[in-house]
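For reference, the structure is listed below as structure tokens.
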Amino acid sequence: MPAGYLWVMADPGTQATVEEFNDWYDNEHVPLRMQHIPEFLTGTRYVATDSLHPGWSASYDIESTSLFTDPKYTCLRANRSPREGALVGKLDPLDRRTCETLSQTREPFKAEEASSFLCTIAGEEENGDKGLEGVKGWRRTSRHKIYDSLRTAFAKAPVSNDAPKFVAVYEFEDESYVETPEYKKAIEGATEVRRWKLYKATPNTAQK
């Protein structure tokens, strides 16, 4: 089966603090995946640099999309701790996108080599523009098809599968790419363009 990609955007909202949100993410949510499931190749968190919301994101490169239906993974959501269950209900929003990886210019970087900046360009058609790959500071590109999504928010009904169909993920050393004509061309017609800065990259310790 193809490689997978899990992309999640979230905000604490008004019902949780940033400190509570990050403590849960860094000390419970991410470790349950990166310390116990070897198929999670990367686990990287980012904070937005574009002043848009949601202001936090997390991305995971997955060995195979088969993991998304594997009980060792699905049980994590089915058997959430009381703390996680309560906090997830407070987030505003929690936007979870499950993807199939279509292409990548190289294998994902290990945690200690994680890229400092990220640009995600999502739309209804696959972004095949390779112009950003020649921009100074570019490190890696991966393209994904979003085949399942769920957005929840405090005191609101959940919304399924309204995310764009495709996302291109560009990794950079810095954000100087924003001022280039290549960037302006790449975002033309995009449904959603977001910019991110590395917050924390966690190595997988379950891999042997």
Decide yes or no for K136 and T180: does some side-chain heavy atom of the first lie under 4.5 Å from some side-chain heavy atom of the second? no
Please determine whether the number of non-hydrogen atoms from other residues, nucleotides or ligands lying under 6.0 Å from atom NZ of K110 exceeds 12. no
Any donor-acceptor N/O pair, D50 side chain to R195 backbone, under 3.5 Å: yes
4.5 Å side-chain heavy-atom contact, E192 and V167: no
How close do A111 and A201 get, counting heavy atoms only, and between which atoms? O-CB, 3.6 Å
Go through I121 and L132 one step at a time and tell me if the side-chain contact (heavy atoms from CB on, under 4.5 Å) criterion holds. CA-CA 11 Å; I121 303 177; L132 284 179; 4.2 Å; yes
If hydrophobic clusters are built from ILVMFWY residues whose side chains come within less than 4.5 Å, do V30 and F109 share one? no
If you count the non-hydrogen atoms of other residues, nucleotides and ligands that lie under 6.0 Å from NZ in K90, is the total more than 12? yes
With rounding to the nearest 0.5 angstrom, report the CZ to CD distance, R140 to Q104. 4.5 Å
Value for OG (S115) from OH (Y46), rounded to nearest 0.5 Å, stands at 6.5 Å
Hey, is E133 close enough to R143 for a salt bridge, meaning N to O under 4.0 Å? yes
Any non-hydrogen side-chain atom of M9 less than 4.5 Å from a side-chain atom of S57? yes
Do you know which two heavy atoms are closest between R96 and V8, and how far apart they sit? CG-CG2, 4.1 Å
Spacing of M1 atom CE and T65 atom OG1 [to the nearest 0.5 Å]: 3.5 Å
Side chain to side chain donor-acceptor pair (under 3.5 Å) for N27 and D23? Distances and angles first, verdict last. CA-CA 6 Å; N27 298 309; D23 182 65; 2.7 Å; yes
Do the side chains of L91 and F154 join up, straight or via other hydrophobic residues, at under 4.5 Å, putting them in one cluster? no
Checking T105 side chain against T141 main chain: does a donor-acceptor pair fall under 3.5 Å? yes
For the hydrophobic clusters of this structure (ILVMFWY residues joined by side-chain heavy atoms under 4.5 Å, transitively), does one cluster hold both Y199 and F117? no
What are the two closest heavy atoms between H36 and P31, and how far apart are they? CD2-O, 3.5 Å
Spell out, yes or no, whether L198 and V18 are grouped together once hydrophobic residues are joined by side-chain heavy atoms under 4.5 Å, including indirect joins. no
How close do L118 and E171 get, counting heavy atoms only, and between which atoms? CD1-CG, 3.3 Å
Using a 4.5 Å cut-off on heavy atoms from C-beta on, say whether the side chain of K72 contacts that of L67. yes
Qualifying side chain to side chain donor-acceptor pair (under 3.5 Å) pairs with a residue from residues 4-20, counting only residues at least two apart or across chains: D11-H53
Nearest heavy-atom neighbours spanning G123 and T191: CA-OG1, 3.4 Å
Can you tell me how far the CD atom of E63 sits from the OG1 atom of T101, to the nearest 0.5 Å? 12.0 Å
Is any side-chain heavy atom of Y170 closer than 4.5 Å to one of V135? no
Y25 ring center near W56 ring center (under 6.0 Å): no
For the atom pair CZ (R194) and CG (L52), what is the distance rounded to the nearest 0.5 Å? 4.5 Å
Which value, rounded to the nearest 0.5 Å, describes the distance between E39 atom CD and I62 atom CD1? 8.5 Å
So which of Y73, F40, F68 actually passes ring pair (Phe, Tyr, Trp, His ring centres under 6.0 Å) with Y60? F40
Walk me through whether E182 and W138 qualify under side-chain contact (heavy atoms from CB on, under 4.5 Å). CA-CA 12 Å; E182 290 88 349; W138 169 83; over 6 Å; no
With a 4.5 Å limit on heavy-atom distance, are the side chains of V169 and W196 in contact? no
L150 vs V159 side-chain heavy atoms within contact, under 4.5 Å: no
I'd like to check H29 versus R45 (side-chain heavy atoms, cut-off strictly below 4.5 Å). Are they in contact? no
So the salt bridge (charged side-chain N to carboxylate O under 4.0 Å, His left out) pairs with at least one residue in residues 152-165 (sequence neighbours excluded) are E124-K165, R151-D162
Would you kindly confirm whether L94 and L76 end up in one hydrophobic cluster when ILVMFWY residues are joined by side chain heavy atoms under 4.5 Å apart? yes
Nearest heavy-atom contact between V178 and K184 is O-NZ, 3.7 Å
Residues, nucleotides or ligands: over 12 heavy atoms within 6.0 Å of Q35 CD: yes
